[in-house]
Amino acid sequence: MADHFDGPSDRVPHATTWRRATASAAAALSLILLASGCGGPQVNYAIPEEVCGITVDQDLLRPLFPPGDRVQFDGDVLSDGKKAKSICQYYVDGNTALLVDSKRNSENVTAEQLAKPIARAVNSKMWSQSDGRIAGFDGNAYGTTNCSGTPSDTHGEPARTFTLKISVNHFTSAESVRPHLQKLMTTLLPKAARSRGC
């Protein structure tokens with residue numbers, strides 16, 4: 001007769017123990033993936049290949065667009081030639097993700113001069129580069145370059161400066177979004193100015 005062990009009555013058979021261990025490990029892995037962002041919201045749409053009609057590298061835009069399912073464009077195309085003002089926006093699931101505002105300005109201004117009073121009003125730290133020709137705060141970047149001719153934002157006055165403003169709504173901190181805004185502005189500003197006849 002084979003030996004038979006009647007262990008404690010609360011003993012669980014081996015197969016059940018293995019299933020519980022597997023379920024616990026799967027739950028722990030799910031929590032790790034969720035915490036690392038692997039199981040979180042995803043970008044389920046194609047990142048645009050252009051900004052308001054101007055081709056740019058998608059890698060410049062990718063960090064500025066939020067998770068979501070659908071992207072839509074609305075507004076003016078910068079390559080439509082000389083216009084005094086234009087604005088375009090990209091929406092993700094109905095919320096503004098990226099806004100680009102351009103103007104052939106009749107005043108000779110720098111990006112720093114444009115950004116400083118607004119940054120001060122909202123109590124944000126402003127940054128600038130390129131002798132004040134690129135500046136910003138929070139999710140906003142301003143860029144300026146020389147321009148001439150007509151039209152301008154003031155009827156009958158020639159343009160002196162081309163101004164470009166880029167605003168994004170999806171960022172974790174001003175410090176984290178700043179390098180992405182700087183790279184996009186550095187790339188987009190000269191192309192947009194040429195498209196606007198500057």
Side-chain angles (χ1 to χ4, degrees), residues 29-83 85-104 111-112 114-115 118-119 122 124-130 133-145 147 162-198:
L29 180 60
S30 294
L31 288 173
I32 291 168
L33 290 174
L34 186 60
S36 69
C38 293
Q42 301 291 317
V43 173
N44 297 318
Y45 57 87
I47 298 294
E49 296 178 357
E50 55 183 40
V51 174
C52 309
I54 297 177
T55 303
V56 296
D57 189 330
Q58 286 179 304
D59 289 338
L60 291 173
L61 298 177
R62 190 168 281 111
L64 303 174
F65 277 79
D69 295 317
R70 191 169 131 202
V71 65
Q72 294 172 285
F73 170 82
D74 183 41
D76 300 316
V77 178
L78 289 170
S79 56
D80 276 349
K82 286 188 177 183
K83 281 188 178 178
K85 300 178 187 180
S86 68
I87 189 167
C88 71
Q89 297 182 71
Y90 289 87
Y91 300 93
V92 173
D93 296 341
N95 300 307
T96 301
L98 177 78
L99 182 141
V100 178
D101 189 357
S102 70
K103 186 185 328 181
R104 291 171 53 93
E112 190 172 293
L114 296 171
I118 301 169
V122 296
S124 292
K125 184 179 177 183
M126 187 195 78
W127 51 265
S128 72
Q129 68 181 54
S130 304
R133 292 290 179 180
I134 296 177
F137 62 92
D138 296 339
N140 302 284
Y142 294 79
T144 57
T145 190
C147 194
F162 176 77
T163 63
L164 190 67
K165 179 185 176 191
I166 300 171
S167 300
V168 295
N169 289 328
H170 174 72
F171 59 96
T172 53
S173 70
E175 291 77 27
S176 68
V177 76
R178 176 181 169 179
H180 303 298
L181 284 171
Q182 287 172 319
K183 286 177 189 173
L184 179 57
M185 181 60 79
T186 301
T187 299
L188 189 59
L189 179 61
K191 292 180 177 184
R194 279 193 301 275
S195 291
R196 283 293 186 237
C198 295

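We number each residue from 1, following the sequence as shown.
- Nearest heavy atoms, S176 versus P179: O-CD, 3.6 Å.
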Query - Residue pair V43, F65: steps toward the side chain to side chain contact (heavy atoms under 4.5 Å, CB included) verdict - result: CA-CA 8 Å; V43 173; F65 277 79; 5.8 Å; no
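- The two residues A111 and A135 come nearest to each other via the heavy atoms CB-N, 3.6 Å.
- Side-chain atoms of R104 come within 3.5 Å of backbone atoms of R196 as a donor-acceptor pair (strictly under, hydrogens ignored).
- The closest donor-acceptor contact from the side chain of Q89 to the backbone of T96 lies at 3.5 Å or more, if one exists at all.
- A heavy-atom distance below 4.5 Å is found between the side chains of F171 and D138.
- Between S86 and L78, some side-chain heavy-atom pair lies under the 4.5 Å cut-off.
- The two residues G139 and V177 come nearest to each other via the heavy atoms CA-CG1, 4.3 Å.
- Take I118 and apply the side-chain contact (heavy atoms from CB on, under 4.5 Å) test, not counting sequence neighbours, and it matches F137, Y142.
- A pairwise comparison of heavy atoms in V71 and A46 identifies CG1-O, 3.8 Å as the closest pair.
- The structure places CZ of R62 at 5.5 Å from CD1 of I47, a figure rounded to the nearest 0.5 Å.
- Of all heavy-atom pairs between L181 and A141, the closest is CB-CB, 4.0 Å.
- Considering only heavy atoms from C-beta on, N169 stays 4.5 Å or farther from N95 through its side chain.
- Applying the side-chain contact (heavy atoms from CB on, under 4.5 Å) rule to Q129 yields the partners W127, I134, Q182, T186; only residues at least two apart in sequence or on another chain are considered.
- Not a single donor-acceptor pair under 3.5 Å links the side chain of T145 to the backbone N or O of F162.
- Judged as a salt bridge (charged side-chain N to carboxylate O under 4.0 Å, His left out), the pairs with a partner in residues 65-77 (not counting sequence neighbours) are, in order, D76-K83.
- Nearest heavy atom pair, residue G143 against residue M185, reads N-CE, 3.5 Å.
- The distance from atom SG of C52 to atom CG of L98, rounded to the nearest 0.5 Å, is 6.5 Å.
- The line from CG of L188 to OG of S195 is 8.5 Å long, rounded to the nearest 0.5 Å.
- Here the straight-line distance linking atom CG of L114 with atom OG1 of T163 works out to 6.0 Å at 0.5 Å rounding.
- Counting heavy atoms from C-beta on, the side chains of F73 and P48 never come closer than 4.5 Å.
- The CD atom of E50 lies 13.5 Å from the CG atom of D57; values are rounded to the nearest 0.5 Å.
- Taking OG1 of T144 as the reference point, atom NZ of K103 lies at 12.0 Å (rounded to 0.5 Å).
- Of the possible donor and acceptor atoms, none in the side chain of D101 sits under 3.5 Å from a partner among the backbone N and O of K165.
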